[in-house]
Amino acid sequence: TPMIIGSEGIGDNPLLSYTEGNVAAALQQISGFDADFGGTEILEPLCEAIDNMSKHRKETRIFLLTDGQVSNRDQVIAKALTNKDNIRVHTFGIGSGCDRGMVQDVAKNGRGSCSLVEDRDPNLKGHVITALARASEPSL
């Protein structure tokens, strides 16, 4: 189940308050991710997150994590431009198998930060904390 961390809950949306406990839970969940699922699907979850969040919030931060490549990369990059005044997309490219260009372009179009994490990088937690700090900066 995806975990979305934000500043308030909205209806039945799985949005969680931004607290130390929820950040720790997110880091714990991320550390247990296994990236061998046979394919990477980014567009549909990104569309759902952007479309659902844009209806309810003025300031939304989305974190996109991937270790793979997609066949519809141009659509994914273009989707990050949607509601760019209200939504920022921060990306994590994990490992040598990720499409670094797509991750960077999504972050650029989404007015977010991009973190590239090398294979077996022991500092994933540090990268996540840095991205959360960047995401907490106000949008202008």
Side-chain angles (χ1 to χ4, degrees):
T1 304
M3 177 179 287
I4 302 171
I5 299 176
S7 62
E8 59 184 275
I10 300 169
D12 293 331
N13 198 324
L15 192 67
L16 300 175
S17 297
Y18 182 83
T19 66
E20 291 295 322
N22 287 337
V23 170
L27 289 172
Q28 178 66 30
Q29 187 175 8
I30 290 168
S31 70
F33 284 176
D34 183 3
D36 191 18
F37 295 109
T40 301
E41 175 57 46
I42 294 175
L43 184 59
E44 184 179 340
L46 182 61
C47 287
E48 184 174 330
I50 289 174
D51 296 343
N52 286 336
M53 293 295 113
S54 65
K55 296 175 189 173
H56 302 289
R57 299 179 48 101
K58 291 186 178 188
E59 297 285 329
T60 296
R61 307 297 186 257
I62 295 172
F63 292 87
L64 184 149
L65 288 77
T66 184
D67 70 338
Q69 300 184 20
V70 297
S71 60
N72 54 357
R73 72 185 306 274
D74 292 337
Q75 290 174 287
V76 172
I77 293 167
K79 186 62 182 179
L81 283 170
T82 307
N83 291 308
K84 66 180 184 174
D85 294 334
N86 298 331
I87 295 175
R88 291 174 63 192
V89 182
H90 300 272
T91 61
F92 289 89
I94 301 172
S96 59
C98 81
D99 183 341
R100 291 172 174 260
M102 181 195 69
V103 171
Q104 291 168 332
D105 289 346
V106 168
K108 180 180 176 182
N109 281 358
R111 299 178 315 117
S113 64
C114 175
S115 300
L116 296 171
V117 182
E118 299 298 325
D119 289 322
R120 297 178 187 82
D121 186 335
N123 193 26
L124 178 59
K125 183 176 181 178
H127 291 289
V128 172
I129 290 170
T130 299
L132 287 171
R134 290 178 189 152
S136 68
E137 296 172 0
S139 298
L140 300 175

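Contact check for Val76 versus Val106: side-chain heavy atoms found under the 4.5 Å cut-off. Between Thr82 and Ile87, the closest side-chain pair of non-hydrogen atoms is not below 4.5 Å. Side-chain contact between Ile42 and Leu64 is present, with at least one heavy-atom pair separated by less than 4.5 Å.
Between the side chain of His90 and the backbone N or O of Gly112 there is no donor-acceptor pair closer than 3.5 Å. A donor-acceptor pair is defined here as one N or O able to donate and one able to accept, closer than 3.5 Å; such a pair exists between the side chain of Asn109 and the backbone of Ile77. Formation of a donor-acceptor pair under 3.5 Å by the Arg88 side chain with backbone atoms of Arg111 is found in this model.
Between Thr66 atom OG1 and Arg100 atom CZ the span is 12.0 Å, to the nearest 0.5 Å. Separation of atoms CG (Asp51) and CG (Leu46) is listed at 8.5 Å; rounding is to 0.5 Å. Within the model, atoms CD of Glu44 and CD of Glu48 stand 7.0 Å from one another, a figure rounded to the nearest 0.5 Å. Between atom CG of residue Leu65 and atom CD1 of residue Ile94 there is a gap of 4.5 Å, rounded to the nearest 0.5 Å. Within the model, atoms CG of Asn72 and NZ of Lys79 stand 12.5 Å from one another, a figure rounded to the nearest 0.5 Å. Considering OG of Ser71 and CD of Glu41, their distance stands at 8.0 Å, rounded to 0.5 Å.
Residues Cys114 and Gln104 come closest through the heavy atom pair SG-CG, 3.7 Å. Considering all non-hydrogen atoms of both residues, Ile50 and Ala80 come closest at CD1-CA, 4.4 Å.
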